[in-house]
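In this text the structure is predicted, and so the values were computed from the model without any measurement. The figures here come from the full heavy-atom set of this structure, side chains too, leaving out hydrogens, waters and symmetry mates. The residues of the chain are indexed from 1 along the displayed sequence.
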Amino acid sequence: MRVAITGSTGLIGSALTRSLLADGHHVLRLTRGKAAPRPADGTGSAPWEPGGRLDPAVLDGVDAVVHLAGAGVGDRRWTEAYKREIRLSRLDGTRTIAEACAAVARPPRVLVSASATGYYGDTGDRVVTESDPAGSDFLASVCVGWEAAAAPAEAAGVRVVHPRTGLVVSADGGAWGKLFPLFRFGLGGRLGSGDQFWPFISLPDHIAALRYTIDRDDIAGPLNFTAPEPLTNREITRATGRILHRPTLAAVPAFALRAVLGEFADGITGSCRAVPDGLLKAGFAFRQPTVDDALRAALRKGWTLTP
């Protein structure tokens with residue numbers, strides 16, 4: 001296959017690139033600004049600009065487009081300016097990619113356009129599947145617009161998949177990449193009440209699920225990319241301490257998180273008990289279905305990324 005990827009240098013994008021290359025597929029990295037020199041790993045490169053234009057000819061003959069780019073939700077404190085950047089980087093970027101998919105002479109057969117479990121908002125201890133409605137907070141509104149921005153590709157007959165991703169368990173980046181060092185130094189503990197559900201997924205399972213949705217022509221629409229049994233922050237904290245053999249006595253109250261992180265703290269203390277109903281019904285088999293499995297995979301060197 002020929003697969004074009006935005007956000008190819010991020011945690012998920014770089015892992016997906018390695019997985020595809022390992023199986024002999026060709027990867028086209030869509031990079032912001034000028035095209036970078038051809039990387040040593042054999043991937044190609046083409047320029048694009050969110051909110052600008054992507055030359056449709058770049059996607060001619062591409063089998064799949066995986067769109068992962070967007071401003072990091074947890075990278076900075078949520079000022080009004082950064083909230084606009086979070087929203088526009090997703091909506092404008094997705095619209096640019098979708099319009100290019102729709103305009104190319106030979107459109108890709110699938111566009112996998114990222115989303116997040118933030119779509120559902122704070123759902124307490126209620127189990128949510130892909131059929132549940134959107135929440136009403138900032139992240140939920142971003143996810144609604146993010147998914148809707150792919151409409152031009154869908155209208156042109158391109159199969160569109162929206163992975164609604166939970167917290168990706170990895171020692172190499174993302175939220176977990178910041179948590180692991182704290183636990184290693186014995187500073188890990190529950191965040192807020194600890195009773196909020198955290199929908200998690202191991203990085204290998206996330207990559208395998210992406211590959212699965214690319215290959216399966218009968219899969220479309222939103223899919224929760226989460227492990228089958230979401231746990232509370234308190235349960236995940238205990239499991240992390242157990243795997244790392246470290247105490248988990250520390251606790252960060254909600255007001256302290258709010259003081260440091262601002263509105264973003266609501267996404268940490270909020271609860272989302274999302275389950276992967278769509279993936280399970282499609283026959284996807286998780287390799288790391290439990291949090292212990294996911295933690296061990298994240299901490300083990302040399303695990304394979306190929307499905």
Side-chain angles (χ1 to χ4, degrees), residues 7 10 12 50 67-95 113-151 162-169 174-176 178-179 190-201 206 221-227 230-237 252-278:
I12 296 171
H67 174 45
L68 304 170
V73 172
D75 289 357
R76 303 181 201 168
R77 186 181 177 89
W78 282 8
T79 63
E80 289 303 313
Y82 194 60
K83 285 168 68 175
R84 284 194 298 274
E85 184 176 344
I86 289 172
R87 183 186 298 275
L88 292 178
S89 69
R90 284 160 174 76
L91 272 61
D92 290 351
T94 302
R95 190 175 299 110
S113 185
S115 185
T117 54
Y119 177 94
Y120 304 106
D122 188 338
T123 60
D125 62 0
R126 176 172 56 88
V127 174
V128 292
T129 70
E130 293 86 352
S131 62
D132 279 272
S136 57
D137 60 15
F138 169 71
L139 278 183
S141 69
V142 168
C143 290
V144 170
W146 196 3
E147 295 181 12
H162 296 291
R164 292 176 179 167
T165 299
L167 291 166
V168 179
V169 184
W176 277 100
K178 298 174 183 177
L179 289 175
R190 62 175 173 80
L191 303 177
S193 71
D195 296 327
Q196 69 273 27
F197 279 87
W198 274 15
F200 68 90
I201 185 170
H206 194 291
L223 289 173
N224 290 342
F225 273 38
T226 62
L231 299 176
T232 64
N233 170 258
R234 188 188 305 274
E235 292 169 321
I236 289 174
T237 296
V252 183
F255 75 85
L257 287 170
R258 184 84 185 194
V260 174
L261 302 176
E263 189 179 347
F264 176 56
D266 295 343
I268 295 174
T269 58
S271 181
C272 183
R273 198 174 182 178
V275 295
D277 191 55

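- To the nearest 0.5 Å, the span separating CZ on Arg190 from OG1 on Thr269 amounts to 12.0 Å.
- Of the listed residues (Ile236, Asn233, Leu231, Asp125), just one forms a side-chain contact (heavy atoms from CB on, under 4.5 Å) with Phe197, and that residue is Asp125.
- Arg90 CZ to Cys143 SG: the interatomic distance, rounded to the nearest 0.5 Å, is 8.0 Å.
- Judged by distance alone, the side chain of Ser89 and the main-chain N or O of Ile86 form a donor-acceptor pair under 3.5 Å.
- Across every non-hydrogen atom of Thr232 and Asp195, the tightest pair is CG2-O, 3.5 Å.
- Here the straight-line distance linking atom OG1 of Thr117 with atom CH2 of Trp198 works out to 11.5 Å at 0.5 Å rounding.
- Under a 3.5 Å cut-off, the side chain of Glu130 and the backbone N or O of Gly278 do form a donor-acceptor pair.
- For Trp176 and Phe200, the gap between ring centers reaches or exceeds 6.0 Å.
- Once rounded to the nearest 0.5 Å, the distance linking OG1 of Thr79 with CD of Glu85 reads 8.5 Å.
- If you take NE2 on His67 and NE2 on His162, they are separated by 10.5 Å, rounding to the nearest 0.5 Å.
- Shortest non-hydrogen contact noted between Ala134 and Val144 is CB-CG2, 3.5 Å.
- With no hydrogens or angles considered, a side-chain donor-acceptor pair links Ser141 and Arg87 at under 3.5 Å.
- The two residues Asn224 and Tyr120 come nearest to each other via the heavy atoms OD1-OH, 2.7 Å.
- The shortest side-chain heavy-atom distance between Asp266 and Asp137 does not fall under the 4.5 Å cut-off.
- The two atoms that bring Thr165 and His206 nearest to each other are OG1-NE2, 2.9 Å, heavy atoms only.
- Of all the heavy atoms in Leu191 and Gln196, the pair that sits closest is O-NE2, 2.8 Å.
- Considering only heavy atoms from C-beta on, Pro276 stays 4.5 Å or farther from Leu223 through its side chain.
- Considering every non-hydrogen atom in both Gly93 and Pro50, the closest pair reads CA-CB, 3.7 Å.
- In this structure the side chain of Asp132 never reaches within 4.5 angstrom of the side chain of Thr123, judged on heavy atoms.
- Between Ile12 and Phe225, the closest side-chain pair of non-hydrogen atoms is not below 4.5 Å.
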